[in-house]
Amino acid sequence: MSPPVNAVPNSPELPESADAVVIGGGIIGVAAAYYLAKKGHSVALVEKGRVAGEQSSRNWGWCRQQNRDERELPLIIRSLELWGGLHEEIGADLGFRRKGLIYVTRDPAELAGWEAWLNMARQYQVHSRMLSAEEAQARTPGTDGGWIGGIESPTDGRGEPSMAAPALAGGALKLGVSIHQECAARGLETQGGRVSAVVTEKGTIRTSRVLCAGGAWSSMFCRRHGIDLPQAGVRSTVFATTEAPEVTPGGLSTPEFTLRRRLDGGYTVAIRNRGVLEITPQGLRYARNFWPMFRKQRTDGVSIRVGRSFLEGPEAVARWALDQVSPFERTRILDPAPEPGVVVEGMAALKKAYNGFETVKPARSWAGWIDFMPDAIPTISPIAKLPGLVLAAGFSGHGFGIGPAAGRLAADLVAGDAPFVDPHPFRYERLFDGTMGPVGPM
Ligand SMILES: Cc1cc2nc3c(=O)[nH]c(=O)nc-3n(C[C@H](O)[C@H](O)[C@H](O)COP(=O)(O)OP(=O)(O)OC[C@H]3O[C@@H](n4cnc5c(N)ncnc54)[C@H](O)[C@@H]3O)c2cc1C
């Protein structure tokens with residue numbers, strides 16, 4: 001079952017040409033289209049399903065600096081600034097509220113990790129602070145978890161995934177971006193080794209600049225053009241509760257559950273580090289690239305299985321000609337099955353933790369296919385092998401919060417402007433030239 005997501009109107013006609021074409025209507029693609037249009041470029045955005053149909057509506061809605069890899073800190077700091085101003089700028093609510101995030105634990109190693117992170121992050125003037133056992137207890141009224149401490153960031157926020165990308169898409173439409181849903185990009189045409197057009201199922205758009213922001217489908221899209229992109233997916237389950245008493249205004253992460261207060265008075269709930277890694281042809285192809293991540297994560301809650309994704313979806317084997325139906329059209333919206341156990345376990349943990357949750361129920365559950373890079377850091381980069389193509393994918397489970405700034409950075413790279421944040425950590429080449437850093441936190 002898909003989570004609810006606000007509708008975005010389609011533009012009437014596919015343009016014959018555009019200064020730039022954005023492939024993918026997730027938070028990254030719509031933000032990039034919005035900022036490209038703000039720069040004065042004509043932009044077409046093509047989306048195989050609907051805006052925010054995939055990861056961008058299925059996530060927890062955390063917009064956090066806290067516990068984020070240092071390589072992403074400059075980008076998330078700028079992103080939180082953008083989140084704060086976008087409501088007024090585009091005249092629509094993205095659901096963003098700066099209500100703070102709290103993590104609590106009873107594991108000394110975890111607490112030490114958060115302290116080490118805070119020592120590193122102080123140079124970026126983040127507002128996080130460590131919590132003593134008593135403070136952790138006081139910040140989580142109702143729970144009796146035996147916390148030894150925690151970390152909180154009062155200036156981090158939460159957004160509404162059902163609203164954010166659609167609202168940004170609305171802002172992009174007002175600036176003249178043409179948006180085409182149920183319009184898959186099947187591939188690119190080239191001239192003299194450069195991008196010259198995007199071929200979609202509804203026609204061809206001539207352009208010399210393309211952003212591929214196709215989320216989990218980016219590796220498959222790139223492979224068709226001889227571009228290798230090591231990308232892997234993890235299926236992760238989330239559920240929404242019915243309306244419930246306020247136990248935190250923002251986000252709270254405990255070992256048993258994570259929750260985020262929604263604007264409608266319910267919570268979006270999940271279990272941290274819980275997911276299913278499905279064995280797929282693409283996964284086998286890039287197994288070596290992901291070995292360091294696998295070693296780091298495997299003692300946590302990720303289980304491994306073979307499922308339908310071996311034969312269909314973004315990591316299956318696929319070949320298609322540009323005048324044939326492509327795999328992107330066959331799966332308009334990637335809607336993986338949720339794990340019922342996560343809902344049962346998460347709901348039981350909530351009821352155990354909080355008085356007043358006796359009548360609260362899971363209203364809906366869903367899963368999302370989180371697309372990872374081998375170092376858990378996104379790729380936001382021009383592709384030297386195919387001039388005119390920029391890639392923004394692999395946001396590794398934390399691309400929603402960083403979305404506005406990542407889209408803005410991608411727009412700078414597509415336009416050939418000076419990037420507003422140093423793009424070096426996100427360069428494509430690191431994945432192959434031996435300069436990739438350690439696996440970041442997920
Ligand atoms: C369960 C879960 C929890 C998460 N929690 C958080 C969180 O709390 N905070 C956070 O910051 N991040 C979180 N994330 C991660 C975040 O949701 C993603 O990193 C972010 O949404 C990625 O955005 P995107 O635009 O790259 O991809 P997507 O939102 O997946 O969008 C890509 C789009 O491209 C389209 N597309 C693909 N190929 C084509 C094609 N050929 N033609 C046309 N369209 C195409 C797809 O249909 C899709 O709509 C979570 C993710 C999940 C799944």
Pairs in or reaching into residues 223-247: which pass ring-ring contact (aromatic ring centres under 6.0 Å, His included), with residues at least two apart or in two chains?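 Residue pairs passing ring-ring contact (aromatic ring centres under 6.0 Å, His included), neighbours aside: Phe221-His225.
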Could you note down all residue pairs passing ring-ring contact (aromatic ring centres under 6.0 Å, His included) where residues 419-442 supplies at least one of them, sequence neighbours left out?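 Those involving residues 419-442 are Tyr428-Phe432.
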Can you name the residues that form a ring-ring contact (aromatic ring centres under 6.0 Å, His included) with [X], not counting sequence neighbours?
{"X": "Trp366", "answer": "none"}
{"X": "His87", "answer": "none"}
{"X": "Phe395", "answer": "none"}

Sort and list the pairs that fulfil salt bridge (Lys or Arg N to Asp or Glu O under 4.0 Å) and have at least one residue in residues 60-69, not counting sequence neighbours.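 Matches after skipping sequence neighbours: Arg68-Glu72, Asp69-Arg71.
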Quick one: list whatever passes salt bridge (Lys or Arg N to Asp or Glu O under 4.0 Å) with [X], sequence neighbours left out.
{"X": "Asp417", "answer": "Lys39"}
{"X": "Glu246", "answer": "Arg261"}
{"X": "Arg139", "answer": "Glu152"}
{"X": "Asp107", "answer": "none"}

May I ask you to say whether Glu135 pairs ionically with Arg129, meaning some side-chain N is under 4.0 Å from a carboxylate O?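 Judged by the 4.0 Å cut-off on N to carboxylate O distance, Glu135 and Arg129 do form a salt bridge.
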Salt bridge present between Glu110 and Arg272 (N-O < 4.0 angstrom):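 Salt bridge between Glu110 and Arg272, a charged N being under 4.0 Å from a carboxylate O: yes.
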Contacts of type side chain to side chain contact (heavy atoms under 4.5 Å, CB included), residue Ala164, not counting sequence neighbours: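 Scan of Ala164 (side chain to side chain contact (heavy atoms under 4.5 Å, CB included), adjacent residues dropped) gives Ile27, Trp83, Leu94, Phe400.
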For the student: nearest non-hydrogen atoms of Leu75 and Ala405, plus distance: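 Smallest interatomic distance, heavy atoms only, reads O-CB, 3.3 Å.
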Please find the pair of heavy atoms, one from Ser2 and one from Ile333, that lie closest to each other, and give the distance.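 Looking at all heavy atoms of both residues, the closest pair is OG-CG2, 4.4 Å.
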Test log, rule salt bridge (charged side-chain N to carboxylate O under 4.0 Å, His left out), inputs Arg235 and Glu339: CA-CA 9 Å; Arg235 179 160 59 89; Glu339 293 286 300; 2.9 Å; yes
Quiz question: by atom type and distance under 3.5 Å, do the side chains of Gln66 and Ser128 form a donor-acceptor pair?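 Checked: Gln66/Ser128 side chains pair up, N/O donor to acceptor below 3.5 Å.
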Between Ser326 and Arg330, a side-chain donor and acceptor under 3.5 Å: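 No pair is found: no donor N or O on one side chain lies under 3.5 Å from an acceptor on the other.
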Apply side-chain hydrogen bond (donor to acceptor under 3.5 Å, both in side chains) to Glu345 and list each qualifying residue two or more places apart in sequence or on a separate chain.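 Result, side-chain hydrogen bond (donor to acceptor under 3.5 Å, both in side chains) vs Glu345: Arg274.
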Side chains of Leu118 and Met130: does their closest heavy-atom pair fall under 4.5 Å?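 Yes, side chains in contact.
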Residue of the set Trp62, Trp147, Trp117 for which ring-ring contact (aromatic ring centres under 6.0 Å, His included) holds with Tyr103: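 Of the listed residues Trp62, Trp147, Trp117, the ring-ring contact (aromatic ring centres under 6.0 Å, His included) partner of Tyr103 is Trp62.
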Evaluate the salt bridge (charged side-chain N to carboxylate O under 4.0 Å, His left out) criterion for residues Arg260 and Glu160: first the C-alpha distance (whole Å), next the side-chain angles of each, then the deciding distance (0.1 Å), finally the verdict. CA-CA 10 Å; Arg260 192 243 327 153; Glu160 291 292 343; 3.1 Å; yes
